[in-house]
Participant: 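First, the structure itself, so that you have it in front of you.
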Amino acid sequence: MFLQRVVIAAVFAAALAGCTAGPTARAPAAMTEAQASELAERVKAETRHAWQGYVRYAWGHDALKPLTRAPHDWYGPSLLMTPVDALDTLLLMGLTDEAKQAQELIASKLSFDHDVDVQVFEVTIRLLGGLITGYQMTGDTRLLALADDLGRRLMPAFASRTGLPYRYVNLRTGKVRDGISNPAETGTLLLEFGMLGKLTGKPAYYDAAKRALVETYRRRSTIGLVGSQIDVETGAWTNPSAHIGGGIDSYYEYLYKCWRLFGDADCKRMWDDSIGPVNRYLADEVRDGELWYGRADMNTGQRTITRYGALDAFMPALLALGGDVDRAARLQASGMTMWRAHGIEPDAYDYAAQKVLRPTYPLRPEIVESAYYLHRLTGKPQYRAMGKELFDDFVRWCRTEDGYAALKDVTTKERDDAMESFLFAETFKYFYLLFAPRDAFDFDAATFNTEAHPLRLPVP
Ligand code: DMJ
């Protein structure tokens, strides 16, 4: 017990040394592997705590409402969002009993034969992604059959004149709706559909999702940027605001990752063509060389708003993965400035005025994801110290008796009755991997989808 306290105190001191100062501060004391492992165990315990809340009050439903202890379903009939999103994280952490529980629930109860309109993007990244990695990690072919069934039911979404998918499709009838979409929703499907194509031997999955990505890219402006709303029937932009935040973010992520996972040279070329304009027109510097990414007009490159936020915070991870560790490190330091302004980050922040624009925090993972990538790719101890600070704040403000609660307002810390499934798929997973020993996970062999489901190409 005494030893445990000493270790915790040492970890805390290391975190303070590394995290209370800005990007130019002296290097923090390195966290020992033993201290990091203690933290990984804490993350694991917190994951179990939130999972137990789901099991007790929302078993068989999509998610737990952590304040009222009630279940929540997205569309009426449950699609088991939380168990499917959680399964690979439970496996990775070695929470074997909990993983078995989730796997059996999914295999025995999950059905997609419902007369409901589902959002293609969300269902793809959470359910298709989770079922595929669940299959890859357990070998349970029932999960692959479910993924194949879901993929087949989603395919009508691509039947627009342009090949850009409609936002919603009815799982039973295949009827589509909502033709005004955005690059994240049209361009974040290829990792999941592509893997499904490889695993089932049905190339139509790969081809449909790749066409949607290419058709989005083809419509970039003459200066190389994409906007934030596009009509899937005409292919015309209906909102020219360019940025890296929600609605566009994972389009850029998949340009690079489809190259990384599949070795698809078209994706590499599209990434190479796109990242330059993003760095040129969206990157912004304020005050003493602080690097941020704001918003601009996709046609002129003119700055429109100095806005960053919790979703934009995935960008350091992507920059680092793409080889630009320098920009990644600077942007992550800015993200920490945003986090520290209120001890937890808001969904939108005016980085020039240093003011919160949208105060919500729905338990998002992106800043943790970036700390993980930066640590994995640079080996620098400061990123684990950063992770410790993030984790302590996260637990302090969001933990409840039965799980974790989103925040309505990061300035007041008022809680919201929501616990999104990405808490399990992403937030806990990235915290865990950041602190776990390097060989706990084969980073080079896997590519995370945007919901942190680690995909591996099948061995031919
Ligand atoms: C997740 O569902 C995915 O990461 C998506 O790309 C956008 N962000 C949420 C979590 O914040």
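Source: prediction; values computed, not measured. Just follow the structure's listing: the first ligand is 1, and inside any ligand the first atom is 1. The figures here come from the full heavy-atom set of this structure, side chains too, leaving out hydrogens, waters and symmetry mates.
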Participant: Going by the rule ring-ring contact (aromatic ring centres under 6.0 Å, His included), which residues pair with Tyr308 if we only count those two or more places apart in sequence or in a different chain?
Facilitator: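 For Tyr308 the ring-ring contact (aromatic ring centres under 6.0 Å, His included) partners, ignoring immediate neighbours, are Trp292.
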
Participant: Using the ring of Tyr168 (Phe, Tyr or Trp, six-membered ring only), decide whether Arg177 places NZ or CZ under 6.0 Å from its centre and within 45 degrees of its axis.
Facilitator: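 Satisfied, under 6.0 Å and within 45°.
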
Participant: Using heavy atoms and a cut-off under 4.0 Å, could you grab the residues that are in contact with ligand 1, chain by chain, numbers ascending?
Facilitator: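 Within the 4.0 Å shell of ligand 1, which is judged on heavy atoms, sit Ile125, Leu311, Arg364, Pro365, Glu366, Phe422, Glu426, Thr450, Glu451.
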
Participant: For Tyr361 and Arg364, indicate whether the former's side chain and the latter's backbone hold a donor-acceptor pair under 3.5 Å.
Facilitator: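 Side chain of Tyr361 to backbone of Arg364: a pair is present.
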
Participant: If only side-chain N and O atoms count, and only distance matters, is there a donor-acceptor pair under 3.5 Å linking Asp402 with Thr400?
Facilitator: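 There is no such pair between these side chains.
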
Participant: Applying side-chain hydrogen bond (donor to acceptor under 3.5 Å, both in side chains), name anything that partners Asp113, two or more places apart in sequence or on another chain.
Facilitator: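 Per chain and number, Asp113 pairs via side-chain hydrogen bond (donor to acceptor under 3.5 Å, both in side chains) with Arg172.
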
Participant: Under the side-chain hydrogen bond (donor to acceptor under 3.5 Å, both in side chains) test, which residues partner Tyr372, sequence neighbours left out?
Facilitator: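 If we apply the side-chain hydrogen bond (donor to acceptor under 3.5 Å, both in side chains) test to Tyr372, skipping adjacent residues, there are no hits.
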
